[in-house]
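Just so it is clear: chains get the letters A, B, ... in the order the sequence lines come, proteins before strands, and each one is counted from 1.
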Amino acid sequence: MGLRLTNTLSGCKDEFVPSDPQHIKMYACGVTVYDKCHLGHAMQAILYDIFARYLRFKGYRVTYVRNFTDVDDKIILRASQLGISPLELSDQMIEASRKDMLSLKVRPADFEPRVSEYIPQIISYIQDLQAKGFAYAGQDGSVYFRVRLKEDYGKLSRQNISELRCGVRKDVEEGKEDPVDFALWKVEETPGATWDSPWGRGRPGWHIECSVMASEILGDSFDIHGGGRDLVFPHHENEIAQSEAKSGGTYARYWVHNGLLTVNRQKMSKSLHNFISIEDAVRDYGYELIRFNIYQYHYQSNIDFSAQGFFLGLSRLYSIYRTRQRVIDYITRNNLSRSETRHPEYLQAFCEAMDDDFNLPKAMVVIQSVLQSQNEIMDKKINQQNAEELLSMECLLQDVLPILEIGIRPPQEFFHEIHSRYLTLKSLTNDWVLEKVAQRVKCRTEKNFAMADEIRDELLAQGISLLDSREKTSWELSERALEELVAL
RNA sequence: GGCGACAUGGCCAAGUGGUAAGGCGAGGGAUUGCAAAUCCCUUAUUCCCCGGUUCGAAUCCGGGUGUCGCCUCCA
């Protein structure tokens, strides 16, 4: 079964047919590097990275492009405030962004072009548009795109040009023939962020960069173009207009748009003080919890981050790693060898979920079911058939979890990280806990259950929960402890 | 004013014509010294409201209500 994708252009979930059956070309709008990246960027980067990984998993060759916008009003403003050049600022921010992505386990795109590296191509692109009559130099010297000449303008966002209220939020630039026109080249002199052009010194407009970089790297037509919902209009609409005006053909064939990130159901914004940087979030919650939370929602809807969601996620992650550890122990104890067979039913279920418009919540259900089945098997008495079943599930998980980049660390590393974070928070030590556990073990062997229970209660009051098995007593964090760890 | 999206059990959330996934919570059971962990069972005759199309609608159409996004900064 093939992939189906919700295509903003058609408004439907369409069968995805790449123009080259072996090779998928994908472009996603990256960040404008005027500040540190926030969780919304993380979410977008994680999603498209997963799309690329999954398509590769399915056997496609994928070329994935994600740009950096390093020429922009906000960068110029910020840089002048900081007393550095715009490109210095964007260099720093790109470096920070790369670090952020690494910490989230997001793989770099195959191409990560920067606007400043494509100025000559942008200029000749605009010249071509000018030759075709779609671009004109306005009275102020800047170059604009003649929107009304593109008769299908508005097809992506379903906007009607005559209904647009121009200048509602921003003053209309002088020099345009028509208020709906948008800038391709802005004439101005900003140190460090301007280049010579046939129209004078200046810099590219807001939308031209993606059209140019996408076509330079992927060609005039490619398969998937993605970005946040908030880019549909005007950014993507304008990209289509420019690109198709220039090439005369179809630009991106499928447009996918992810929802935005909310914090406690409110859009994340600096003015609401709910702005979370990737750096802070990774430090406070860990990359897996951030990813887990994203996977609870379909990519098209807004994804909410809240203490409740993080708590739920951490409990589930905890549980995932408990099972991961249990499987490792089980395999070692029973001296089982690796399986080369991926459990066929679960593999199919996983692929069906992902093929259905990258339905991550559904895919996560499959993962949970696999883990549950593994536990079920390990609860039973071992036999040949059980063991094979378990191993094929394990084989599947080892192939599929890396796509999601979740549950693949050594479990002890995960537990150690969470536990030490908690112990530090509560000023407790690992030795203290172990001492208490040892005391209790002694009480239990002496059948002094009253004392044993007392120690257990004492630990529980500190957020430490005990697990007695036949061989040993181990400890982990209680629900309340997990809750405390993720309080926003 | 225009365009668009969404509304599903106590909470979160899948599900675009065939009779409501899953998680959390709650209740019961197996297991346990008792717990925890794990597993099993139960927990929405019903999908914001009102009409319509259909043999059949959470899903399609019309109207209403509510929430949100975008309308030239945005992932």
Rounded distance (Å) that lies between atom C1' of B/U72 and atom CG of A/L184
13 Å
Could you give the distance separating B/C11 and B/A26 at their C1' atoms, to the nearest angstrom?
12 Å
May I have the distance from A/E237 (atom CD) to B/C74 (atom P), rounded to whole angstrom?
14 Å
Using a heavy-atom cut-off of 4.0 Å across all strands, would you classify A/G40 as base, sugar-phosphate, or nothing?
base
Are the aromatic rings of A/F145 and A/Y136 close, with centres under 6.0 Å apart?
no
Using the P atoms only, state how far B/G25 lies from B/C12, rounded to an integer number of Å.
15 Å
Pick the P atom in B/U45 and in B/U53, then give their distance to the nearest Å.
27 Å
Taking any heavy-atom pair under 4.0 Å as a contact, classify A/S474: base, sugar-phosphate, or nothing.
nothing
What integer number of Å spans the P atoms of B/C47 and B/A7?
14 Å
B/G22 C1' sits how many Å from A/F350 CZ, rounded?
16 Å
Give A/R229 one of three labels, base, sugar-phosphate or nothing, depending on what nucleic acid heavy atoms sit under 4.0 Å from its own.
nothing
A/D468 with A/R440: basic N within carboxylate O range, under 4.0 Å:
yes
Base, sugar-phosphate, or nothing: which does A/H38 touch, judged by heavy atoms less than 4.0 Å apart?
base
Indicate yes or no: does A/D356 engage A/R4 in a salt bridge with an N to O separation below 4.0 Å.
yes
Side-chain polar contacts of residues 318-325 of chain A - donor-acceptor pairs under 3.5 angstrom, sequence neighbours left out - could you list them?
{"from": "A/Y318", "atom 1": "OH", "to": "A/H419", "atom 2": "NE2", "distance (Å)": "2.4"}
{"from": "A/Y318", "atom 1": "OH", "to": "A/L477", "atom 2": "N", "distance (Å)": "2.8"}
{"from": "A/Y321", "atom 1": "OH", "to": "A/E288", "atom 2": "OE1", "distance (Å)": "3.3"}
{"from": "A/Y321", "atom 1": "OH", "to": "A/E288", "atom 2": "OE2", "distance (Å)": "2.6"}
{"from": "A/Y321", "atom 1": "OH", "to": "A/G407", "atom 2": "N", "distance (Å)": "3.4"}
{"from": "A/Y321", "atom 1": "OH", "to": "A/I408", "atom 2": "N", "distance (Å)": "3.3"}
{"from": "A/Y321", "atom 1": "OH", "to": "A/R409", "atom 2": "N", "distance (Å)": "3.1"}
{"from": "A/R322", "atom 1": "NH1", "to": "A/E476", "atom 2": "OE1", "distance (Å)": "3.1"}
{"from": "A/R322", "atom 1": "NH1", "to": "A/E476", "atom 2": "OE2", "distance (Å)": "2.2"}
{"from": "A/T323", "atom 1": "OG1", "to": "A/S319", "atom 2": "O", "distance (Å)": "3.2"}
{"from": "A/T323", "atom 1": "OG1", "to": "A/N375", "atom 2": "ND2", "distance (Å)": "3.0"}
{"from": "A/R324", "atom 1": "NE", "to": "A/G407", "atom 2": "O", "distance (Å)": "3.3"}
{"from": "A/R324", "atom 1": "NH1", "to": "A/E394", "atom 2": "OE1", "distance (Å)": "3.0"}
{"from": "A/R324", "atom 1": "NH1", "to": "A/E394", "atom 2": "OE2", "distance (Å)": "3.3"}
{"from": "A/R324", "atom 1": "NH2", "to": "A/E394", "atom 2": "OE2", "distance (Å)": "3.0"}
{"from": "A/Q325", "atom 1": "OE1", "to": "A/Q412", "atom 2": "NE2", "distance (Å)": "2.9"}
{"from": "A/Q325", "atom 1": "NE2", "to": "A/D329", "atom 2": "OD1", "distance (Å)": "2.9"}

Classify the nucleic acid contact of A/L261 as base, sugar-phosphate or nothing, counting any heavy atom under 4.0 Å across all strands shown.
base
Quantified in whole Å, what is the P atom distance between nucleotide B/U16 and nucleotide B/U59?
12 Å
Salt bridge or not for A/D152 and A/K150, using N-O below 4.0 Å?
yes
Taking CD from A/E483 and C1' from B/G25, how many angstroms apart are they, rounded to a whole number?
12 Å
Taking the side chain of A/S301 as its heavy atoms from C-beta onward, which of B/A13, B/U72, B/A14 lies nearest to it?
B/A14
Gap between atoms CH2 and P, on A/W206 and B/A75 respectively (whole Å)
15 Å
Before accepting this row, confirm whether a basic side-chain N of the pair A/K99/A/E95 lies closer than 4.0 Å to the acidic partner's carboxylate O.
no
Is there side-chain contact between A/P204 and A/V115, with heavy atoms separated by less than 4.5 Å?
yes
Pairwise P distance, B/G15 and B/C50 [rounded to whole Å]:
25 Å
Going 5' to 3' along nucleotides 30-43 of chain B, which nucleotides have protein heavy atoms under 4.0 Å from the base (write B), which only from the sugar-phosphate (write S), and which from neither (write -)?
---BBBBSBSS---
With sugar-phosphate meaning primed atoms plus P, OP1 and OP2, does A/Q296 contact a base, only sugar-phosphate, or nothing at under 4.0 Å between heavy atoms?
sugar-phosphate
A/K13 side-chain N/O to B/U16 phosphate OP1/OP2 under 4.0 Å:
yes
Any salt bridge between A/E405 and A/R53, counting N to O under 4.0 Å?
yes
With a non-hydrogen cut-off below 4.0 angstrom, is A/Y297 in contact with a base, only sugar-phosphate, or nothing?
sugar-phosphate
A/S306 vs B/C11: side-chain N/O to OP1/OP2 distance below 4.0 Å:
no
Please figure out whether A/C29 or A/N238 has its closest RNA chain B nucleotide nearer the 5' end.
A/N238
By the 4.0 Å heavy-atom rule, please label A/G30 as base, sugar-phosphate, or nothing.
sugar-phosphate
Only stems of 3 or more consecutive Watson-Crick or G-U pairs count here, both distances under 3.5 Å; name the ones for RNA chain B, or none.
B:1-7 with B:65-71, B:10-12 with B:22-24, B:25-30 with B:38-43, B:48-52 with B:60-64
Please measure how far the C1' atom in B/C34 lies from the corresponding atom in B/C41, and state the result in whole Å.
23 Å
When rounded to whole Å, the CG to P distance for the pair A/L9 and B/G4 reads 14 Å
Do the ring centers of A/F182 and A/H207 come within less than 6.0 Å of each other?
yes
Mind telling me whether A/Y48 and A/F51 have parallel, tilted or perpendicular rings, with 30° and 60° as the class edges?
perpendicular
OP1 or OP2 of B/A75 less than 4.0 angstrom from a side-chain nitrogen or oxygen of A/H235, does that happen here?
no
Nearest whole angstrom, please: distance from the C1' of B/U16 to the CD of A/Q300.
12 Å
The answer to which of A/L312 and A/S157 contacts RNA chain B further toward the 5' end, by nearest nucleotide, is A/S157
Could you tell me how far apart A/L482 (CG) and B/G23 (C1') are, to the nearest whole angstrom?
16 Å
Below 4.0 angstrom, N of the basic side chain to O of the carboxylate: do A/D140 and A/K186 qualify?
no
Distance, C1' atom - from B/G18 to B/C60, rounded to whole angstrom
14 Å
For the residue pair A/H38 and A/F275, does the interplanar ring angle fall in the parallel (under 30°), tilted (30 to 60°) or perpendicular (over 60°) class?
perpendicular
